[in-house]
Each structure stands twice: as structure tokens, then as C-alpha cells.
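Values reported hereafter were calculated over all heavy atoms of this structure, with side chains retained and with hydrogens, waters and symmetry mates removed. Heads up: numbering here begins at 1 and tracks the sequence. Please read these numbers as outputs of a predicted model, since none were measured by experiment.
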Amino acid sequence: MDQFYKGKNNISSKANRSLMAGVLMLVLVFVSLYLVFVHKVQVISWFYFVPVTLFMILSSYYIRRGVIFRFGARGERLGLVEALHLPDDYHVFTNVSISYQNYSQETDLIIVGMKGIYVVEVKNHNGSIVGDAADSEWTQYKVGRGGGKYSKKMANPVKQVKGQVYKLSKFLKEQGINVWVEGIVLFTNEAVHVKVHNSSVPILLPDKRLTHHILTYKNRQYLNKTLISKVVEIINTLQNK
């Protein structure tokens with residue numbers, strides 16, 4: 001079992017805040033309706049229903065937002081479970097924020113071991129996802145509960161992880177450690193199909209497991225124990241900021 005360093009999961013925090021805000025607004029709506037229709041509190045109808053309608057819209061928005069964040073957080077946890085099947089001499093960090101040139105970016109997973117350093121962007125999307133590695137957005141095609149087909153845009157995770165790799169590489173270099181960092185995109189949902197062109201970054205699906213990829217991948221640079229210890233110490237410091 002690898003060594004695990006858990007950071008604060010910002011996606012889970014966002015999910016909880018959004019759900020709490022949505023539920024609170026929904027409670028306010030019910031209280032308002034209860035006062036009017038049960039206790040017969042007299043109000044000016046048009047003035048009263050404007051804020052009630054607004055709270056209903058905001059409640060729906062925040063609850064939906066919270067559910068989406070919860071779904072994403074679940075994807076990160078699935079990626080973490082997979083990473084935890086690495087050997088004892090591997091170190092797994094979650095939710096590390098990396099800053100370089102006044103720009104900060106949070107990583108889902110950073111894995112450090114003899115086979116190198118890996119930054120993993122974890123996605124829990126389902127449906128069919130198509131795009132090109134150079135595109136700023138990809139298209140996700142889904143089938144709704146009623147059988148209707150629809151599509152929506154999603155941020156290109158290849159570009160996301162490339163940015164994270166760049167920042168981590170530069171940050172480590174500033175600390176006197178010049179190492180090669182690999183990027184990986186991991187889709188954890190069993191119901192996903194991905195067709196992406198021209199990607200130099202490995203895109204792993206549930207049937208192409210993260211652990212197997214890392215242990216069999218021919219990395220450009222292998223790390224000795226001394227270098228691993230230095231990198232782990234630096235990333236641990238970043239995580240605890």
C-alpha cells in the first residue's frame with residue numbers, strides 16, 4: 001500500500017456549501033408560503049412573489065450545482081482508490097494547490113515514486129466525449145432520463161493537466177529539483193466513451209487502470225530514494241499551506 005497524504009477537497013467543500021445554500025433558500029420559500037396560505041398573512045401579491053420566485057430559482061441552481069460538485073468529488077475519490085493500489089514506496093497526494101508566477105491551480109492527484117512524478121486530472125463524466133487535444137473545450141453527448149439526447153461543453157482536461165504539470169515542474173525547479181513530470185487524464189465512470197484526437201497526454205478509461213499504467217510506463221526519468229524524499233517533502237509543504 002502506498003503512502004497517502006490527503007489534502008482538503010475543495011470540490012467537496014463547494015458541493016456542501018452549494019447544497020446548504022440551496023436547502024436554506026428552499027426552506028425560506030416554504031416558510032413564506034406557509035405564512036401566506038396557512039396563517040393568512042396579508043401581502044401585496046406582486047411584491048411578495050418576486051422574492052419568492054427568485055429564491056426558488058436560486059434554490060434550484062444551488063442544489064443542482066451541489067449535486068454536480070458531489071459527482072465530481074466522487075470521481076476524485078475513485079481515482080484515489082485506484083492510486084492507493086500502488087506499492088509501498090509510492091506517495092499519493094490529493095488536492096495540492098500549485099502556484100507559479102502568481103497563478104494557482106489545484107491538482108486532483110500527484111503521485112511520486114521510483115517510476116517518476118505523475119499529475120493526474122480525474123474526471124467522473126459519463127456519456128460520449130469527443131474533441132481534440134488542442135481544443136479549449138470538448139463536447140459531451142448524453143442521454144437524459146426520458147431518453148432525450150443532448151450535449152454540453154466541458155473544459156479540456158488535457159490542457160488542464162498540462163498547466164498543472166508545467167507549474168509543478170517550474171516550482172520544483174525553483175527549489176533546485178530538475179525532474180520530468182508526466183500528466184495523465186483519468187476518467188473513472190464506467191459509462192463513459194472518449195474519442196479524443198492528437199493527445200500527447202495519456203487518457204485512461206476504467207478499463208485502462210491507473211496503477212497498471214504507472215507501473216508499466218517507460219518514464220523519461222527514474223527517481224532514486226534521495227530525490228523522492230526531497231520531492232515528497234516539498235509537495236507535503238505545499239499541501240499543508
Side-chain angles (χ1 to χ4, degrees), residues 4-41 43-84 92-99 103-110 119-127 129 137-138 140 142-146 148 150-157 160-161 163-164 185-192 236 238-241:
F4 172 47
Y5 308 80
K6 185 178 181 180
K8 183 179 179 180
N9 192 325
N10 286 337
I11 294 181
S12 291
S13 299
K14 289 178 181 178
N16 293 335
R17 288 196 299 268
S18 294
L19 288 171
M20 287 179 63
V23 170
L24 177 61
M25 290 179 185
L26 192 60
V27 169
L28 290 175
V29 170
F30 281 119
V31 169
S32 300
L33 295 175
Y34 176 80
L35 291 174
V36 172
F37 292 106
V38 177
H39 285 272
K40 308 298 181 181
V41 175
V43 295
I44 302 174
S45 60
W46 67 268
F47 177 80
Y48 170 76
F49 283 105
V50 168
V52 170
T53 303
L54 179 62
F55 276 127
M56 289 177 67
I57 294 171
L58 288 174
S59 173
S60 175
Y61 166 76
Y62 279 112
I63 289 175
R64 184 174 181 275
R65 187 169 182 259
V67 170
I68 291 172
F69 280 135
R70 278 277 176 90
F71 198 62
R74 180 175 179 270
E76 288 188 8
R77 289 194 295 270
L78 289 171
L80 173 60
V81 168
E82 184 62 32
L84 289 175
V92 180
F93 297 85
T94 66
N95 308 104
V96 178
S97 183
I98 307 168
S99 297
Y103 184 76
S104 182
Q105 201 170 7
E106 185 177 287
T107 61
D108 292 337
L109 295 176
I110 298 178
V119 178
V120 185
E121 177 69 19
V122 182
K123 298 296 182 185
N124 194 34
H125 295 71
N126 57 11
I129 296 172
E137 294 181 320
W138 293 351
Q140 179 185 14
K142 300 180 68 175
V143 178
R145 293 181 179 179
Y150 65 98
S151 65
K152 64 179 182 179
K153 298 294 184 179
M154 60 175 284
N156 181 345
Q160 285 180 295
V161 79
Q164 296 162 5
V185 174
L186 174 65
F187 286 90
T188 58
N189 198 308
E190 297 288 346
V192 70
N236 198 25
L238 276 177
Q239 191 182 57
N240 292 327
K241 278 187 176 181

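- Gln160 places a side-chain heavy atom less than 4.5 Å from the side chain of Lys123.
- Nearest approach of Val120 to Asp108, heavy atoms of both residues: O-CB, 3.3 Å.
- With sequence neighbours excluded, no residue forms a side chain to side chain donor-acceptor pair (under 3.5 Å) with Gln140.
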Report the C-alpha distance between Met154 and His125 in whole Å, list the side-chain angles of each, state the deciding distance to 0.1 Å, and finish with yes or no for side chain to side chain contact (heavy atoms under 4.5 Å, CB included). CA-CA 9 Å; Met154 60 175 284; His125 295 71; 4.0 Å; yes

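- Ring planes of Trp138 and Phe187: parallel class, angle under 30° (limits at 30 and 60°).
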Go through the steps for Leu109 and Phe93 under the test side chain to side chain contact (heavy atoms under 4.5 Å, CB included), then give the verdict. CA-CA 6 Å; Leu109 295 176; Phe93 297 85; over 6 Å; no

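- With sequence neighbours left out, Val143 forms a side-chain contact (heavy atoms from CB on, under 4.5 Å) with Lys149.
- Heavy atoms only, all atoms of each residue included: Lys142 and Gly127 are closest at CG-CA, 4.5 Å.
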For Thr107 and Ile98, what are the C-alpha separation, side-chain angles and deciding distance, and is it a side chain to side chain contact (heavy atoms under 4.5 Å, CB included)? CA-CA 8 Å; Thr107 61; Ile98 307 168; 3.6 Å; yes

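- Residues Asn156 and Glu137 have side chains not in contact (no heavy-atom distance under 4.5 Å, counting atoms from C-beta outward).
- Listed by chain and residue number, Gln105, Lys167 satisfy the side-chain contact (heavy atoms from CB on, under 4.5 Å) test with Tyr103 (two or more places apart in sequence, or in another chain).
- Ser97 meets the side chain to side chain donor-acceptor pair (under 3.5 Å) test with Ser104; sequence neighbours excluded.
- Asn126 places no side-chain N or O within donor-acceptor distance of the main-chain N or O of Ala191, the cut-off being under 3.5 Å.
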Could you check Val96 against Ile110 for side chain to side chain contact (heavy atoms under 4.5 Å, CB included), going step by step and ending with a plain yes or no? CA-CA 8 Å; Val96 178; Ile110 298 178; 4.0 Å; yes

